[in-house]
Amino acid sequence: MENGVSTNWQLEYGTFGFTPGSGTLMNLTDTFYQISGLLPLTTYQVYVKSICGGGMESSWSPAYSFTTSCPEISTLPLIENFDTYNTGTGTYPLCWNKLSSSTTYPYISTTNFTSPGSLYLYASSSGGYCYAITPQFDSSLPLNNLMIEFKLRNSAVDDTLYVGVMTDPTDQNSFDLVSKFIPTATATWQDFELYFNNYTGTGRYIAFKSVYTTTTTTLYVD
């Protein structure tokens, strides 16, 4: 917000930590400006100063930081083998969402079909749940035209993977089940595929879900 009477400003921006003077400089005549052409999932810093005329100008403002959002999925095929991340608690695919009754799960595990990692979903107590949720699909890609292929491994005969679509990745009540999968052998990687042709909802996120049954539920997706 302008505290004086200036009607001209300079704005400089760059990726987080850039050295002032090395960023992109903009000359502005409006207090509202939308920066375009930014990279997704990137943190930027912005500085602003007033140009007062007569060779006078203010000091640069303190840095303001912001992070751009993840892009929607608009190009197919989409391949995610969970092998471009670290493994262990706290590691998770960029731009994927998660919902869980535990603060730990899901994460990328070293139990895998292709090294080094796979998606690990775990529900350990009554009422427990765990969702791994893809980034949002662009509206140009109707979900009922899509199919997915994945490998699944469980640890008990009743460990079940539920696959569906969500309208809100922060609300488990928006999950709309499309199909469920139970491997025929435990501790064995098996191939599955799912066509979404019967899905009629408006959700834009595909979600993988595990829930506690009579015992803990342990699932790996690769």
Side-chain angles (χ1 to χ4, degrees), residues 13-18 34-46 64-123 129-152 161-178 192-194 196 199 201-210 219-222:
Y13 70 93
T15 54
F16 186 84
F18 83 99
Q34 182 171 314
I35 301 173
S36 60
L38 301 179
L39 298 173
L41 199 63
T42 301
T43 300
Y44 289 87
Q45 286 182 314
V46 174
Y64 170 74
S65 300
F66 65 93
T67 302
T68 54
S69 60
C70 290
E72 295 183 355
I73 297 171
S74 59
T75 302
L76 298 177
L78 171 68
I79 299 174
E80 175 58 84
N81 54 22
F82 309 109
D83 293 337
T84 58
Y85 314 96
N86 293 324
T87 58
T89 304
T91 59
Y92 197 65
L94 296 174
C95 295
W96 283 52
N97 298 280
K98 64 169 74 175
L99 277 177
S100 180
S101 54
S102 166
T103 58
T104 303
Y105 306 97
Y107 66 81
I108 304 299
S109 168
T110 55
T111 299
N112 59 72
F113 181 78
T114 59
S115 181
S118 71
L119 187 63
Y120 178 30
L121 298 96
Y122 182 73
Y129 59 89
C130 183
Y131 294 77
I133 308 161
T134 68
Q136 183 174 1
F137 281 81
D138 185 85
S139 59
S140 64
L141 300 175
L143 263 64
N144 58 8
N145 286 345
L146 302 185
M147 64 88 67
I148 58 174
E149 296 177 314
F150 58 92
K151 293 183 181 292
L152 177 64
L161 178 70
Y162 301 86
V163 182
V165 180
M166 301 181 76
T167 55
D168 182 353
T170 67
D171 181 8
Q172 63 172 318
N173 292 320
S174 75
F175 180 80
D176 189 354
L177 177 67
V178 176
F192 292 94
E193 64 179 27
L194 172 61
F196 288 82
Y199 177 68
T202 59
R204 310 302 307 165
Y205 304 85
I206 294 176
F208 301 87
K209 169 187 173 183
S210 69
L219 295 165
Y220 303 91
V221 178
D222 208 349

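Remember, predicted model here, so these are calculated numbers, not experimental data.
- Side-chain contact check for Leu38 versus Phe66: some heavy-atom pair is nearer than 4.5 Å.
- Remark: side-chain polar atoms of Asn112 are paired, donor with acceptor, to backbone N or O of Thr110 under 3.5 angstrom.
- Within the 3.5 Å criterion, the main-chain N or O of Leu39 finds a donor-acceptor partner in the side chain of Thr68.
- Leu219 is not listed as a side-chain neighbour of Phe208, based on a closest heavy-atom distance of 4.5 Å or more.
- The two residues Leu143 and Tyr199 have their closest heavy-atom pair at CB-CD2, 4.2 Å.
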Applying side chain to side chain contact (heavy atoms under 4.5 Å, CB included), run through Phe192 and Leu161 and close with a yes or a no.
CA-CA 11 Å; Phe192 292 94; Leu161 178 70; over 6 Å; no
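- Considering only heavy atoms from C-beta on, Val178 stays 4.5 Å or farther from Val163 through its side chain.
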I would like to know whether Tyr107 and Tyr105 meet ring pair (Phe, Tyr, Trp, His ring centres under 6.0 Å); could you show each step before the answer?
CA-CA 5 Å; Tyr107 66 81; Tyr105 306 97; 5.5 Å; yes
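- Note: Leu141 CG to Leu76 CG = 5.0 Å, rounded to the nearest 0.5 Å.
- Interatomic distance, Tyr205 OH to Gln136 CD, rounded to the nearest 0.5 Å: 3.5 Å.
- Here CG of Leu119 is found 7.5 Å from SG of Cys130. Values are rounded to the nearest 0.5 Å.
- Between the Tyr162 side chain and the Ala207 main chain, no donor and acceptor come within less than 3.5 Å of each other.
- Remark: Phe113 CZ is loosely packed, at most 12 non-hydrogen atoms of other residues, nucleotides or ligands lying under 6.0 Å away.
- Defined by atom type and a distance below 3.5 Å, a donor-acceptor pair is missing between the side-chain atoms of Ser118 and Ser109.
- How far CG of Asp138 is from CZ of Arg204: 7.0 Å, rounded to the nearest 0.5 Å.
- Looking only at distances, a side-chain donor or acceptor of Gln45 sits under 3.5 Å from a matching main-chain atom of Gly17.
- Nearest heavy atoms, Ser174 versus Thr167: CB-OG1, 3.2 Å.
- For residues 80-102, the side-chain hydrogen bond (donor to acceptor under 3.5 Å, both in side chains) pairs, not counting sequence neighbours, are Glu80-Tyr85, Asp83-Thr114.
- In this structure the side chain of Ile35 never reaches within 4.5 angstrom of the side chain of Tyr44, judged on heavy atoms.
- Minimum interatomic distance between Glu193 and Met147 (heavy atoms only, all atoms of both residues): OE1-CE, 3.7 Å.
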Could you go step by step and tell me if Thr134 and Leu78 meet the side chain to side chain contact (heavy atoms under 4.5 Å, CB included) rule?
CA-CA 11 Å; Thr134 68; Leu78 171 68; 5.6 Å; no
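- Between atom OG1 of residue Thr104 and atom OH of residue Tyr122 there is a gap of 10.5 Å, rounded to the nearest 0.5 Å.
- Leu121 approaches Ser210 most closely through the heavy-atom pair CB-OG, 3.7 Å.
- Within the model, atoms CZ of Phe175 and NZ of Lys209 stand 5.5 Å from one another, a figure rounded to the nearest 0.5 Å.
- Between Leu99 and Pro169 the shortest side-chain heavy-atom distance does not fall below 4.5 Å.
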